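Report on the following structure.
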Amino acid sequence: MYQDLPPLTWLRAFDASARLRSFTLAAGELGLTPSAVSYQVRGLEAQLGHKLFRRSRKSLELTPLGHAYLPVVAKAFVDIDATTASLFGKDVKSEITIRCLASLNILWLVPQLERFKREFPDSKLRVLSSSWAEKVDGDAIDIDIRYGDGRWADGMAVPLLRNKVIAVAAPNLVASVGSEDLQELPLIELGGVVDTWQHFFAEMGLSGGVPEPVLKVDQSLIALEFAAKGLGAALVADIFARPYLQEGRLQRIGDTELSTDQGHYIVLPFDRNPHRADAAELARWLQAAARQDPLSGVADVP
């Protein structure tokens, strides 16, 4: 039984080296020498019959097979750690650090974490905001909520939200030109997204080109606030616009909506979560909360 299973010490060496992209850093984590880590990884490669890394003097990169193997190995250690904690009382409640895009943080995550704290009052959370343009660095992050296609090599990505994109503006601004005359409205452009005004105009069947935006911003929340003040029409995810629509601060422009190929994902960084069963539990709780939201679109995320 398990006769084809490599030694766990070899798998640990592979897991640490792949997460840290360095035999030297992996050695520090495992309490070994770099040569010992390299030896164990070479032993694993020899048993599997395939290279897992591309080695050079200055870098250590995963091969395609290494990329495919890493999530499986990492998940195995996560499961072992979680089961050990639950059966033998090893788990000690500690602070969970969550990083999230600022707009999603305020418009969706905060209400969810309010519910979570009511259900689990002893939990300790640290919530950070990020920008889409910010460099990804998960050294101190337990749960990283990112926007994209779900393909990140530094962590295990699970789907959270996928939303429709709609156009909104202040009611008095819409009334001044009519609910369908989008080309007559000043436009607010949101940077860093793939669903642009050009796509929206094409979906509406409007010709004549897209007017030059009067404002350019980098966060949906900023776009919504400018739009609510009557400075232009904003193109945002419906789940972000919902509180503004409910309060009457914004009005939807027409029925057109864009279905995006990207979404928000929970990323559990490989360099943190093999030892954070409580973080994995919070991630599952957030997924369940998203499924209960009629605007989440999470069922559509592959």
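Values below: all heavy atoms of this structure, side chains included; hydrogens, waters and symmetry mates excluded. All figures in this text were calculated on a predicted structure; none of them were measured in a lab.
At distances below 3.5 Å, at least one donor-acceptor pair connects side-chain atoms of T63 with backbone N or O atoms of K51. Side-chain N or O atoms of S129 include none that pairs as donor or acceptor with a backbone N or O of A102 at under 3.5 Å. Checking side-chain atoms of D142 against main-chain N and O of T97 turns up a donor-acceptor pair under 3.5 Å. With W152 contributing its side chain and P269 its backbone, the two residues share no donor-acceptor pair below 3.5 Å. Looking at E45, its side chain does come within 3.5 Å of a backbone N or O of F53 through a donor-acceptor pair. Under the 3.5 Å distance criterion, the side-chain polar atoms of R252 are matched with a main-chain donor or acceptor of D255. In this structure, S38 contributes its side chain and P34 its backbone to no donor-acceptor pair below 3.5 Å.
Through side-chain heavy atoms spaced under 4.5 Å, either directly or across other Ile, Leu, Val, Met, Phe, Trp or Tyr residues, L25 is tied to L20.
Under the rule for a side chain to side chain donor-acceptor pair (under 3.5 Å), R12 has no partner lying at least two apart in sequence or in another chain. Applying the ring-ring contact (aromatic ring centres under 6.0 Å, His included) criterion to Y147, with sequence neighbours excluded, gives H264. The side chain to side chain donor-acceptor pair (under 3.5 Å) test applied to R54 returns no partner, not counting sequence neighbours. Here H67 pairs with nothing under the side chain to side chain donor-acceptor pair (under 3.5 Å) rule; sequence neighbours left out. Applying the side-chain contact (heavy atoms from CB on, under 4.5 Å) rule to E189 yields the partners P213, K216; only residues at least two apart in sequence or on another chain are considered.
A side-chain donor from one of S103 and Q219 sits under 3.5 Å from a side-chain acceptor of the other. Side chains of R284 and Q287: a donor-acceptor N/O pair is absent below 3.5 angstrom, by distance only.
A salt bridge links D144 and R99; the closest N-O separation between the charged side-chain nitrogens and carboxylate oxygens is under 4.0 Å. Taking the charged nitrogens against the carboxylate oxygens, D278 and K124 have no contact shorter than 4.0 Å, which rules out a salt bridge.
Looking at L245 and V168, their side chains come closer than 4.5 Å, going by heavy atoms from C-beta outward. With a 4.5 Å cut-off on side-chain heavy atoms, I141 and L128 count as touching. Inter-residue side-chain proximity for I266 and L286 is flagged as met; some heavy-atom pair is nearer than 4.5 Å. Here the side chains of E281 and W285 are not in contact, with every heavy-atom distance at 4.5 Å or above. Residues V165 and D238 fail the side-chain proximity criterion, which asks for heavy atoms closer than 4.5 Å.
Rounding to the nearest 0.5 Å gives a distance of 8.0 Å between CD of E95 and CG of L125. Between R291 atom CZ and L160 atom CG the span is 9.5 Å, to the nearest 0.5 Å.
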Checklist entry - Should R146 and D154 be marked as a salt bridge (charged side-chain N to carboxylate O under 4.0 Å, His left out) after you check the CA-CA gap, both sets of side-chain angles, and the distance that decides it? => result CA-CA 12 Å; R146 304 177 191 170; D154 62 332; 2.9 Å; yes

Item to check | Residue pair L11, F77: steps toward the side chain to side chain contact (heavy atoms under 4.5 Å, CB included) verdict | outcome: CA-CA 9 Å; L11 293 173; F77 283 120; 4.2 Å; yes

Checklist entry - What do the steps show when you test E247 against R242 for salt bridge (charged side-chain N to carboxylate O under 4.0 Å, His left out), and what is the final call? => result CA-CA 9 Å; E247 294 168 6; R242 177 170 55 190; over 6 Å; no

Checklist entry - Do L250 and V174 pass the side chain to side chain contact (heavy atoms under 4.5 Å, CB included) test, and can you show the C-alpha distance, the side-chain angles, and the key distance before you say yes or no? => result CA-CA 9 Å; L250 289 174; V174 176; over 6 Å; no

Next on the checklist: L221 vs F240, test: side chain to side chain contact (heavy atoms under 4.5 Å, CB included). Steps then yes/no.
Outcome noted: CA-CA 8 Å; L221 181 61; F240 291 168; over 6 Å; no

Next on the checklist: Between Y265 and D149, is the side chain to side chain contact (heavy atoms under 4.5 Å, CB included) condition met? List the steps.
Outcome noted: CA-CA 8 Å; Y265 287 78; D149 59 9; 5.8 Å; no

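Within a 6.0 Å radius of CZ in R55, more than 12 heavy atoms belonging to other residues, nucleotides or ligands are found. Remark: F226 CZ is loosely packed, at most 12 non-hydrogen atoms of other residues, nucleotides or ligands lying under 6.0 Å away. At most 12 heavy atoms of other shown residues, nucleotides or ligands fall within 6.0 angstrom of atom NZ in K229. Atom CD of E119 sits in a crowded spot, with more than 12 heavy atoms from other residues, nucleotides or ligands closer than 6.0 Å.
Ring planes of F120 and F116: tilted class, angle from 30 to 60°.
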